[in-house]
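See below for the structure under consideration.
Order of appearance sets the numbers: ligands from 1, and atoms from 1 within every ligand. Throughout, residue positions are numbered sequentially from 1 according to the sequence presented.
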Amino acid sequence: MNTQQLKDDFAKQFGAGGRVHIIRAPGRVNLIGEHTDYNDGFVFPMAIEPQVFFVCRARTDGKVVAKSSLFPGAAVEMSLTGTITKGEPKWGNYVRGPVALLLEKGVPLVGMDVLIVNTLPMGGGLSSSAAMEVGTTRSMLALAGQEMDLSSLALLCQKAEHKYADVPCGIMDQTIVAGGKAGHAMLLDCRDNSKQFIPLNPNDLSVVIVNSMVKHELSGGEYAERRSQCEEGVRHFQKSNPSVKALRDIQIAQIEQAKSALSDVVYRRCRHVVTENTRCLRYAEDLKTQRYESAGKLMVQSHDSMRDDYEITVPELDYLVETAMNIKGVYGSRMTGGGFGGCTVSLVLPRSVDNFMAEIKKSYRGKYKIDPVAFATNATDGASVVE
Ligand code: ADP
Ligand code: MG
């Protein structure tokens with residue numbers, strides 16, 4: 001998308017003139033480490049090429065007026081001097097939240113007209129929600145000439161998702177969208193937010209995302225239910241060891257020992273989280289040392305664990321993974337994101353990518369009569385000011 005086009009679109013919506021800024025916020029894909037972030041565990045995401053643009057200009061009347069190309073119709077409006085509450089349209093909450101929390105923090109702000117334009121699918125598990133929050137925050141900061149360190153920015157955006165979108169998410173999405181690094185995936189320790197960037201060699205590997213086009217609703221209760229099942233597991237282990245803070249502190253042998261004391265569901269939820277943490281660390285090590293076959297196997301094990309233990313996959317995603325693993329040049333494949341639909345991510349030999357995408361589309365269309373969207377992506381930088 002070229003910047004002149006974006007500015008022309010902005011002028012059509014808000015009128016010409018003034019200094020117009022463009023901020024971008026990428027989507028993200030998590031290579032491995034699913035539902036581990038809110039258990040103080042490890043995740044391994046990277047920022048991706050599809051992104052959300054915020055074309056914006058300061059206003060002098062203290063109002064924020066937002067329009068989205070995906071929701072033509074009424075703008076979302078709020079005043080920096082009034083109380084900002086969540087409401088309709090729902091997409092506006094992804095703007096209201098960050099603005100309200102910046103005000104609460106006492107950051108001096110100015111009003112803004114903003115046109116939001118994206119190349120990132122919504123609700124597809126590629127974190128358009130975090131891109132909305134991080135992009136809104138970066139835009140407000142840019143217009144006011146303010147700065148914020150990446151960790152505070154991610155925390156503010158996570159809180160916005162909790163309070164304004166009602167999704168009790170962990171810290172992964174906002175951290176990678178705000179702080180990704182081109183050419184690298186980020187091994188993030190969600191306990192202390194420490195990060196290690198691992199290079200992905202594009203001559204060896206391509207990351208391919210396949211969107212099942214099946215939609216999920218994370219505020220549907222499944223996410224909160226998984227969180228509370230993990231907490232139930234933690235409470236059990238705390239009885240004998242009060243220093244246990246999260247499932248991060250538990251080893252697989254302890255899960256097996258506790259099998260008869262836990263309900264079957266809680267046992268399996270805990271088993272997923274604990275084994276997923278181990279897989280995530282091994283995976284990062286495998287990529288560092290170019291053991292791609294081994295990394296690929298871990299992705300499939302991760303998928304199986306999400307299907308059988310965490311129960312967050314759907315048949316369409318299981319089919320995409322199974323099909324991928326029967327195509328030449330594929331190291332590994334798994335569902336990515338919160339679950340109940342969305343995308344798979346696969347590690348593929350670069351020379352096999354075109355064939356992989358053609359085969360998987362054909363097969364999925366044949367089975368489900370749905371055209372999936374498939375694309376290869378490099379790892380990109382986190383959100384930035386384009387101009
Ligand atoms: P995901 O983060 O996986 O894409 P979520 O359900 O967490 O899915 O967030 C999707 C929501 O974010 C959408 O329903 C919409 O409210 C909001 N959103 C995302 N992109 C845009 C956009 N370009 N314009 C307006 N709202 C958006
Ligand atoms: Mg989201």
Show me the donor-acceptor pairs within less than 3.5 Å that the side chains of residues 73-83 make with the rest of the protein, sequence neighbours left out.
| from | atom 1 | to | atom 2 | distance (Å) |
| --- | --- | --- | --- | --- |
| Ser79 | OG | Thr81 | N | 3.1 |
| Ser79 | OG | Thr81 | OG1 | 2.9 |

Atoms in ligand 1 flagged as close to [X], the criterion being non-hydrogen separation under 4.0 Å:
| X | result |
| --- | --- |
| Leu70 | 22 (C), 23 (N) |
| Gly124 | 3 (O), 4 (O) |
| Phe71 | 25 (C), 26 (N) |
| Ser68 | 22 (C), 23 (N), 24 (N), 25 (C) |
| Ile116 | 23 (N) |

### Task
Give a yes or no on whether Ser129 keeps an N, O or S atom under 2.8 Å from the Mg ion (ligand 2).
yes

### Query
Of the listed options (Gly125, Gly27, Pro89), which comes nearest to atom 3 (O) of ligand 1 when hydrogens are ignored and any heavy atom counts?
Gly125

## Note on the structure
Of Tyr94, Tyr223, Phe53, Trp91, the residue with the heavy atom nearest atom 11 (C) of ligand 1 is Tyr94

### Query
For ligand 1, which part of Met132 has a heavy atom less than 4.0 Å away: the side chain, the backbone, both, or neither?
side chain

### Message
Can you tell me which portion of Leu126 lies within the under-4.0 Å heavy-atom range of ligand 1? Options are side chain, backbone, both, or neither.
### Response
backbone

### Message
Applying a strict under-4.5 Å side-chain criterion to I, L, V, M, F, W and Y, I'd like to know whether Met148 and Leu150 cluster together.
### Response
no

### Hydrophobic cluster membership, Val265 vs Val234, 4.5 Å side-chain cutoff
no

### Query
Backbone N or O of Gly382 within a donor-acceptor pair of the Arg24 side chain at under 3.5 Å?
yes

### Task
Determine yes or no for a side-chain-to-main-chain donor-acceptor pair under 3.5 angstrom, with Arg28 supplying the side chain and Gly125 the backbone.
yes

#### Entry: Lys90 N/O under 3.5 Å from ligand 1 N/O
no

### Query
Is Gly123 close to ligand 1, meaning an N/O of one under 3.5 Å from an N/O of the other?
yes

### Summary
Only residue of Asp40, Asp189, Asp192 satisfying salt bridge (charged side-chain N to carboxylate O under 4.0 Å, His left out) with Arg248 is Asp189

### Task
Output yes when Asp61 and Arg59 qualify as a salt bridge under the 4.0 Å nitrogen-oxygen rule, no when they do not.
yes

### Message
Enumerate the side-chain hydrogen bond (donor to acceptor under 3.5 Å, both in side chains) contacts for residues 346-361, please, sequence neighbours excluded, ordered by first and then second residue.
### Response
Ser333-Ser346

